[in-house]
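The structure's right below; bear with me while I get my questions together.
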Protein chains: 2
Amino acid sequence: MTELKKDVILKGDSIERLKKLPDACADLVFADPPYNLQLAGGLTRPNQTHVDGVTDDWDQFSSFAAYDEFCRAWLAECRRILKPDGALWVIGSYHNIFRLGTAIQDLGFWIQNDVVWVKTNPMPNFKGTRLTNAHETLIWAARDQKSRPTFNYHSLKAGNDDVQLRSDWTFPLCTGRERLKDDGKKLHPTQKPEALLHRIILGTTNPGDLIVDPFFGTGTTGAVAKRLGRHFIGIDQDAGYITAAKKRIKAVSPLREEDAVALPSPRKQPRIAFGQLIESGLLSPGTKLYCPKKRHVARIKADGSVAADTASGSIHKVGASVQNAPSCNGWTFWHYEAAGKLQPIDSLRSMIRQGMN
Amino acid sequence: MTELKKDVILKGDSIERLKKLPDACADLVFADPPYNLQLAGGLTRPNQTHVDGVTDDWDQFSSFAAYDEFCRAWLAECRRILKPDGALWVIGSYHNIFRLGTAIQDLGFWIQNDVVWVKTNPMPNFKGTRLTNAHETLIWAARDQKSRPTFNYHSLKAGNDDVQLRSDWTFPLCTGRERLKDDGKKLHPTQKPEALLHRIILGTTNPGDLIVDPFFGTGTTGAVAKRLGRHFIGIDQDAGYITAAKKRIKAVSPLREEDAVALPSPRKQPRIAFGQLIESGLLSPGTKLYCPKKRHVARIKADGSVAADTASGSIHKVGASVQNAPSCNGWTFWHYEAAGKLQPIDSLRSMIRQGMN
DNA sequence: ACGAACTATGAATCGAACT
DNA sequence: CAGTTCGATTCATAGTTCG
């Protein structure tokens, strides 16, 4: 049997190419498949500019059934090429992640965790019709229930301020210099941040391992694998993406093995909104708020808005309105009465922050 | 036909009880279904029978199939009892959420968002074999693709410090005084925090709406619904939970209606035609209107239309035309000059609306 | 040179009412 | 039901231009 060629990009259909790989050759599969978004019309921002959505042919499927069939086919091949203790990572959004998770379970994979990538800077919902779509979901699954997949628990903990790593991961989108551009425009519509792959590869593979990515795109998996001293095999149909990925990966220098442990650990103060004080029971709807000199009064509503004589809305807007000012910091302006004394509502925010740690 | 009895807890099997509820009676369903797969000591089917020999793929599949069958049955009934613009919330973890999401999509629900409840104080993974399981997933889905489910966008935004609410929600677990105890031990294994239900009910129902919860447990849904002036119907099999839930809900005082109602949506405000500003003398024919940067000018005509170089017609059409945009909100685009400053004509519309009260 | 102001953009199932 | 009109709607960053 000939040696399996590693650190290469195979051009072609994912399923066909996977079929040509031998059984039990891979330590990890990372897959970022088409999301099957089913976008209807165009979308413009409030300032009338056009939103560049994902309208590529590869994301079009005729039905859920067609999408399921496609996924079960490539997932089955991924399972075949995995070593007994191998594992799988997939990423998706609510459009497709439930189909993927169901297929993964049905095929006999064993889910280890689901992970949410919380985006620091997601695109807003421009029409105000839904919640901001601020996260994507990853599934980490072992080949079998009996598999003992690689999990570098202590590496991850050490890189996380010595706290056990959680299932919610906060990263920004892939933007700026990291984002591959062609003539100023994004080369790939859905390039993933290297930080995400860094954590996955560091945490669930060992140096020298083979990682297969059947939807290679611009090669984020390959770039991070090379930097961390892992091998990769990528598959993609698009010649343009392959060219860009090759160039990108060639420019990567592998880290010395002992350096391949650092993880970014951005720790920001969680943002607390006024509504959370009501939701958590620290303030009750109907309670009155006062300005420092009690000249102005507002009444708290259940949704975290407040109502004064002249206006209703957020603590900031109503604070501005009663003062006839252009703006106002409601956190310091409004006070509640406790034991006959006025306390700024900002003091309650610190209480929530403390409970959150 | 007899009136549907509300604010009650029905004892019995969820599916059987749902079947007795009439078509299209509910505004919202909230469901926190059991998932008794993959638990230590072997698998149990939803009907509590034990699954033998769960080590091979086939048995895993058969138990998933049983769970799927169970979920599709109660989800189909939920869809039947929902009004055309009704919606569904379900909550689950990686053990069951993918089955639920797939069933929801297959049954014709239309997903609005998935939401992650990020737990501030999750139980750690004691063995250090996986990531801390620090979140659960919720799915918010409308009955149909064409449904227009209730979404109190402005309420949620106002309570979130005037920033659009995102799909990741941070709350602590249900602990302390909120957690129902029996003899010092927790009464229910998965009691949900009231803060979570508070946000869901406030954001996606109106006062007076009917919320059905087919897995009522200790009645968090009922307690929050009552406090916020919504109606509920709960279903549970367990007499002990029902007793506890009844006692809990009885102790809840409803808020005053004005505190429980959402902020009014601009879309629901009475419509004012631009011509009314002229008729009421707030603006005179011949007055000039400007865009915010004074790059564009239009002249008001007596009939409430405006004229620019390139077009004549409504404030919206002309605004779109001068910007070369497909559409435009003339109320916020056009400004009039007063005391040397530009004011949006929308401020005049608010004056008229205030005068109507 | 430095900061303020302005512009660009990201996996998006993105309107409602009336004729 | 389709077509038309009214008019509601964005957050965090990165990069660029202007003062």
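Because the structure is predicted, anything quoted here is derived from the model rather than measured. Note that these values count all heavy atoms, side chains included, but never hydrogens, waters or copies made by symmetry.
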Under 3.5 Å, which donor-acceptor pairs do the side chains of residues 313-322 of chain B form with other protein atoms, sequence neighbours left out?
| residue | atom | partner | partner atom | Å |
| --- | --- | --- | --- | --- |
| B/S314 | OG | B/H316 | N | 3.4 |
| B/S314 | OG | B/K317 | N | 3.0 |
| B/H316 | ND1 | B/G330 | N | 2.9 |
| B/S321 | OG | B/T310 | OG1 | 3.1 |

(message) I'd like to check the side chain to side chain donor-acceptor pair (under 3.5 Å) partners of B/T150; sequence neighbours left out, ordered by chain and number.
(response) none
(message) At a heavy-atom distance below 4.0 Å, what parts of residues 313-327 of chain B sit against DNA chain D?
(response) B/S314, B/H316, B/K317, B/S327
(message) Restricting to ring pair (Phe, Tyr, Trp, His ring centres under 6.0 Å), what partner residues turn up for A/Y35, sequence neighbours left out?
(response) none
(message) Work out how far the C1' atom of D/dT17 is from that of C/dA1, and round it to whole angstrom.
(response) 15 Å
(request) State which residues pass ring pair (Phe, Tyr, Trp, His ring centres under 6.0 Å) with B/W334; sequence neighbours excluded, sorted by chain then number. (result) none
(message) Take N1-N3 plus N6-O4 or O6-N4 for Watson-Crick, N1-O2 plus O6-N3 for G-U, both under 3.5 Å. Which runs of 3 or more such pairs involve DNA chain D?
(response) C:2-10 with D:11-19, C:15-19 with D:2-6
(request) Name all residues meeting the side-chain contact (heavy atoms from CB on, under 4.5 Å) criterion together with A/T243; count only those two or more places apart in sequence or in a different chain, and write none if there are none. (result) none
(message) So, using ring pair (Phe, Tyr, Trp, His ring centres under 6.0 Å) as the criterion, who are the partners of A/F232 when residues are at least two apart?
(response) A/F216
(request) Considering only atom C1', compute the distance from C/dA11 to D/dC6 and round it to an integer number of Å. (result) 31 Å
(request) Would you classify C/dT13 as syn or anti? Syn applies when the glycosidic angle is within 90° of 0. (result) syn
(message) Generate the contact string for nucleotides 10-18 of chain C. Rules: B means base contact, S means sugar-phosphate contact only, - means no protein heavy atom under 4.0 Å.
(response) BBBBBSS--
(request) Pick the C1' atom in D/dT10 and in C/dA8, then give their distance to the nearest Å. (result) 13 Å
(request) Could you note down all residue pairs passing salt bridge (charged side-chain N to carboxylate O under 4.0 Å, His left out) where residues 46-70 of chain A supplies at least one of them, sequence neighbours left out? (result) A/D52-A/K186, A/D68-A/R99
(request) Going by the ring pair (Phe, Tyr, Trp, His ring centres under 6.0 Å) test, name the single residue among A/W89, A/W58, A/W74 that passes it with A/F215. (result) A/W74
(request) Indicate, with a heavy-atom threshold strictly under 4.0 Å, whether A/L131 touches base, sugar-phosphate, or nothing. (result) nothing
(message) What is the distance, to the nearest angstrom, from the CZ atom on B/R295 to the C1' atom on C/dT7?
(response) 11 Å
(message) Mind checking if B/H154 touches a base, just sugar-phosphate, or nothing, with heavy atoms under 4.0 Å?
(response) sugar-phosphate
(request) Answer yes or no: does atom CG of B/N324 have more than 12 heavy-atom neighbours from other residues, nucleotides or ligands under 6.0 Å? (result) no
(request) Measure from CD on B/Q269 to P on D/dC6 and round the result to the nearest Å. (result) 19 Å
(request) Take atom CD of B/Q164 and atom C1' of D/dA12, then tell me their distance rounded to the nearest Å. (result) 12 Å
(message) Whole angstroms only, please: what is the CZ-C1' distance between A/R177 and D/dG15?
(response) 13 Å
(request) Tell me which nucleotide among D/dG7, D/dT13, D/dT10 gets nearest to the side chain of A/N47. (result) D/dT10
(request) Could you list the residues that satisfy salt bridge (Lys or Arg N to Asp or Glu O under 4.0 Å) with A/D13, not counting sequence neighbours? (result) none
(request) Specify the closest pair of heavy atoms between A/K119 and B/R166, including all atoms of both residues, with the distance to one decimal. (result) O-NH2, 2.8 Å
Result block: side-chain N/O donor-acceptor pairs under 3.5 angstrom for residues 36-46 of chain A, not counting sequence neighbours:
| residue | atom | partner | partner atom | Å |
| --- | --- | --- | --- | --- |
| A/R45 | NH1 | A/T49 | OG1 | 3.2 |
| A/R45 | NH1 | A/H50 | O | 3.2 |

(message) Give me the distance, rounded to whole Å, that separates C/dA12 from D/dG7 when you measure between the P atoms they each carry.
(response) 30 Å
(message) From NZ of B/K293 over to P of D/dC18, roughly how many Å is that when rounded to an integer?
(response) 13 Å
(message) In this structure, how many angstroms lie between the P atom of D/dA12 and the CG atom of B/D162, rounded?
(response) 12 Å
